[in-house]
**Q** 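This is the structure, below, for whatever I ask next.
In this text the structure is predicted, and so the values were computed from the model without any measurement.
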Amino acid sequence: MSGHHAVLDRAAFEQALRAKGQYYHIHHPYHRAMYAGECTREQIQGWVANRYYYQVNIPRKDAAIMANCPDADVRRLWLQRVLDHDGDGREPGGIEAWLSLAEAVGLGREEVIDQRHVLPGVRFAVDAYYNFARRASWQEAACSSLTELFAPEIHQSRLDSWPQHYPWIDDSGYRYFRKRLGEARRDVEHGLTITLDHFNTPALQTRALEILQFKLDILWTILDALTMAYVHHTPPFHTVTDARVWHRGLNV
């Protein structure tokens, strides 16, 4: 994009954003293995337990965007994202649905909620995303959410392949993916409008593409950490605290 000296029209800019889908984590070997039926039970459980840390930080990220946004109309629309994940007091939200997935793959709620399985690399990547959203302008933070452009495909791939490949997963666990199919499409429409409206100069459009790539890198890095732990069995497997066990073994 740095070679472009003229502003892209809305259609061309949107196409440039959508072209970033080639870097989406649906193409990561860990995810390809998941929807090809090649993952072990431990690898599925590890993904679910670690992804929970991302899930619980999504509403915190969205609340940070609202806190930085002076536009009441935008805040009202963006608030729905928080309710989607936290629930609205009547219906449970996405975080509860994710805990149902955890139970469906054989994990206990407590071991997921207390984050004992969260890898240091996953925690670092998710925290980087949250801190970016908290410190960036609300338009830049909204732009970082545009990986939702590619989310329906990844949710559908799980719904299409997992029941066939992993019959030991209870069907109740798929509620999160079904729920997000519609929500992600709705969220894309709002986030994309904000991005197309605000990033309207060559420099800003370049910046938007850099921000989207940053978010794509976050999601890819999460799967890199899972690969090290659950494919290559390279420590630290879980938290830094747990890692003291193998540090002692190495006489560090």
**Q** Going from OH on Tyr176 to CZ on Arg51, what distance comes out if it is rounded to the nearest 0.5 angstrom?
**A**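 One finds 6.5 Å between OH of Tyr176 and CZ of Arg51.
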
**Q** Can you give me the closest heavy-atom contact between Ala12 and Asp9, atom names plus distance?
**A** N-OD1, 2.7 Å

**Q** Any chance you could measure Leu226, atom CG, to Cys39, atom SG, to the nearest 0.5 Å?
**A**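 Nearest 0.5 Å value for the CG-SG distance: 9.5 Å.
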
**Q** For Tyr53, does the six-membered ring have the charged nitrogen or CZ of Arg123 within the cation-pi criterion, i.e. under 6.0 angstrom from the centroid and within 45° of the normal?
**A** yes

**Q** Within this structure, what is the OG-CD1 distance for the pair Ser100 and Ile95, rounded to the nearest 0.5 Å?
**A** 12.5 Å

**Q** Are side-chain N/O atoms of Glu153 and Tyr24 paired as donor and acceptor at under 3.5 Å?
**A**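 Absent: no donor and acceptor within the cut-off.
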
**Q** Under the side chain to side chain donor-acceptor pair (under 3.5 Å) test against Glu96, which residue among His85, Arg109, Arg175 passes?
**A**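 The single option meeting the side chain to side chain donor-acceptor pair (under 3.5 Å) with Glu96 is Arg109.
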
**Q** For side chain to side chain contact (heavy atoms under 4.5 Å, CB included), just list the numbers for Tyr35 and His165, CA-CA rounded to whole Å, side-chain angles, deciding distance to a tenth of an Å, and then say yes or no.
**A** CA-CA 8 Å; Tyr35 65 70; His165 295 309; 5.9 Å; no

**Q** Checking the side chain of Asp170 only, and the main-chain atoms of Gly173 only, is there a donor and an acceptor separated by less than 3.5 Å?
**A** no

**Q** Check for me, please, whether Met228 and Phe124 land in the same ILVMFWY cluster - side-chain distances under 4.5 Å, paths through other members count.
**A**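 No, because Met228 and Phe124 fall into different hydrophobic clusters, even though each may have its own neighbours under 4.5 Å.
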
**Q** With a 4.5 Å cut-off on side-chain heavy-atom distances among I, L, V, M, F, W and Y, is there a chain of contacts connecting Val126 to Val82?
**A** no

**Q** Is the backbone N or O of Asp84 less than 3.5 Å from a side-chain atom of Lys179, with the two atoms forming a donor-acceptor pair by type?
**A**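 Yes; judged by distance alone, with no hydrogens or angles, the pair exists.
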
**Q** Under the side chain to side chain contact (heavy atoms under 4.5 Å, CB included) rule, what do Val74 and His190 come out as? Steps first, then yes or no, please.
**A** CA-CA 9 Å; Val74 172; His190 185 212; 4.2 Å; yes

**Q** Test Arg41 against Gln45 for side chain to side chain donor-acceptor pair (under 3.5 Å), laying out the working first.
**A** CA-CA 6 Å; Arg41 184 182 296 252; Gln45 291 176 336; over 6 Å; no

**Q** Do Leu17 and Leu192 have side chains that approach each other closer than 4.5 Å (heavy atoms only, starting at C-beta)?
**A**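 A side-chain contact exists here, since the closest heavy-atom pair is under 4.5 Å.
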
**Q** For residues 212-224, which residue pairs qualify under side-chain hydrogen bond (donor to acceptor under 3.5 Å, both in side chains), counting only residues two or more places apart or in two chains?
**A** Lys20-Gln213, His28-Asp224, Tyr54-Lys215, Tyr129-Lys215, Thr147-Lys215, Gln213-Asp217

**Q** Please report the C-alpha distance between Met34 and Trp162 in whole Å, then the side-chain angles of each, then the deciding distance to 0.1 Å, and finally whether the side chain to side chain contact (heavy atoms under 4.5 Å, CB included) criterion is met.
**A** CA-CA 8 Å; Met34 281 198 293; Trp162 281 28; 3.7 Å; yes

**Q** Give the minimum heavy-atom separation between Ile26 and His31, together with the two atoms involved.
**A**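 For Ile26 versus His31, the nearest heavy atoms are O-ND1, 3.6 Å.
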
**Q** Are there more than 12 heavy atoms of other residues, nucleotides or ligands under 6.0 Å from atom CD of Gln22?
**A** yes

**Q** Applying the 4.5 Å side-chain criterion to the ILVMFWY set and letting contacts propagate, would Ile211 and Trp138 be lumped into a single cluster?
**A**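 In one cluster: no.
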
**Q** Parallel, tilted or perpendicular: which describes the rings of Trp98 and Phe177, with under 30° parallel and over 60° perpendicular?
**A**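 The rings of Trp98 and Phe177 stand perpendicular, inter-plane angle above 60°.
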
**Q** Is the backbone N or O of Leu119 less than 3.5 Å from a side-chain atom of Asn50, with the two atoms forming a donor-acceptor pair by type?
**A**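 Here the side-chain-to-backbone pair exists.
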
**Q** Do Val56 and Leu83 land in one hydrophobic cluster if side-chain heavy atoms of ILVMFWY residues count as linked below 4.5 Å?
**A** no

**Q** Please tell me if the side chains of Lys61 and Ser145 come closer than 4.5 Å, counting only heavy atoms from C-beta onward.
**A**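 Lys61 vs Ser145: side chains touch.
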
**Q** Please tell me if the side chains of Glu14 and Leu8 come closer than 4.5 Å, counting only heavy atoms from C-beta onward.
**A**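 No, side chains not in contact.
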
**Q** Answer whether the closest heavy-atom distance between the side chains of His198 and Cys143 falls below 4.5 Å.
**A**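 In short, these two side chains do not touch, never coming nearer than 4.5 Å.
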
**Q** Please tell me if the side chains of Ile169 and Ile44 come closer than 4.5 Å, counting only heavy atoms from C-beta onward.
**A** yes

**Q** Quick one: does NZ or CZ of Arg81 land under 6.0 Å from the six-membered ring centre of Trp78, within 45 degrees of the ring axis?
**A**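 Arg81 over Trp78 ring: yes.
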
**Q** To the nearest 0.5 Å, how far apart are OG1 in Thr195 and CG in Leu204?
**A**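 Between atom OG1 of Thr195 and atom CG of Leu204 there are 11.0 Å.
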
**Q** To the nearest 0.5 Å, what is the distance between CZ on Arg10 and CG on Asn200?
**A**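 Between atom CZ of Arg10 and atom CG of Asn200 there are 9.5 Å.
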
**Q** For residues Arg134 and Arg60, determine if any side-chain heavy atom of one lies less than 4.5 Å from a side-chain heavy atom of the other.
**A**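 Side chain of Arg134 against side chain of Arg60, heavy atoms only: no contact under 4.5 Å found.
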
**Q** Identify the two heavy atoms, one from Ala133 and one from Asn68, that lie closest to each other, and give their separation to 0.1 Å.
**A** O-ND2, 3.8 Å

**Q** Do Val48 and Val231 share a hydrophobic cluster, counting only Ile, Leu, Val, Met, Phe, Trp and Tyr and linking them when any side-chain heavy atoms are less than 4.5 Å apart?
**A** yes

**Q** On a heavy-atom basis, which atom in Ser144 and which in Ala141 lie closest, and how many Å separate them?
**A** OG-O, 2.6 Å

**Q** I'd like to know if the side chain of Gln43 and the backbone of Tyr230 have a donor-acceptor N/O pair within less than 3.5 Å.
**A** yes

**Q** Less than 4.5 Å apart, side chain to side chain, heavy atoms only: is that true for Tyr166 and Val105?
**A** no

**Q** Could you tell me whether the side chain of Glu189 reaches within less than 4.5 Å of the side chain of Glu148, counting heavy atoms only?
**A**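 No; the side chains remain at least 4.5 Å from each other.
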
**Q** Spell out, as yes or no, whether a donor-acceptor pair under 3.5 Å connects the side chain of Asp62 to the backbone of Leu79.
**A**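 Answer holds: no.
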
**Q** Compare every heavy atom of Arg158 with every heavy atom of Trp47, then report the nearest pair and how far apart it is.
**A** CZ2-NH2, 3.4 Å

**Q** Let me see the working for Tyr30 and His25 under side chain to side chain contact (heavy atoms under 4.5 Å, CB included), right down to the final yes or no.
**A** CA-CA 9 Å; Tyr30 199 101; His25 63 163; over 6 Å; no

**Q** What is the minimum heavy-atom distance between Ala49 and Val118, and which atoms define it?
**A**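 Scanning both residues, the minimum pair turns out to be O-CG2, 4.1 Å.
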
**Q** Compute the centroid of each ring, for His27 and then for Tyr23, and state whether the two points are separated by less than 6.0 Å.
**A** no

**Q** Which distance, rounded to the nearest 0.5 Å, do you find between the CZ of Arg75 and the CE of Met66?
**A** 9.0 Å

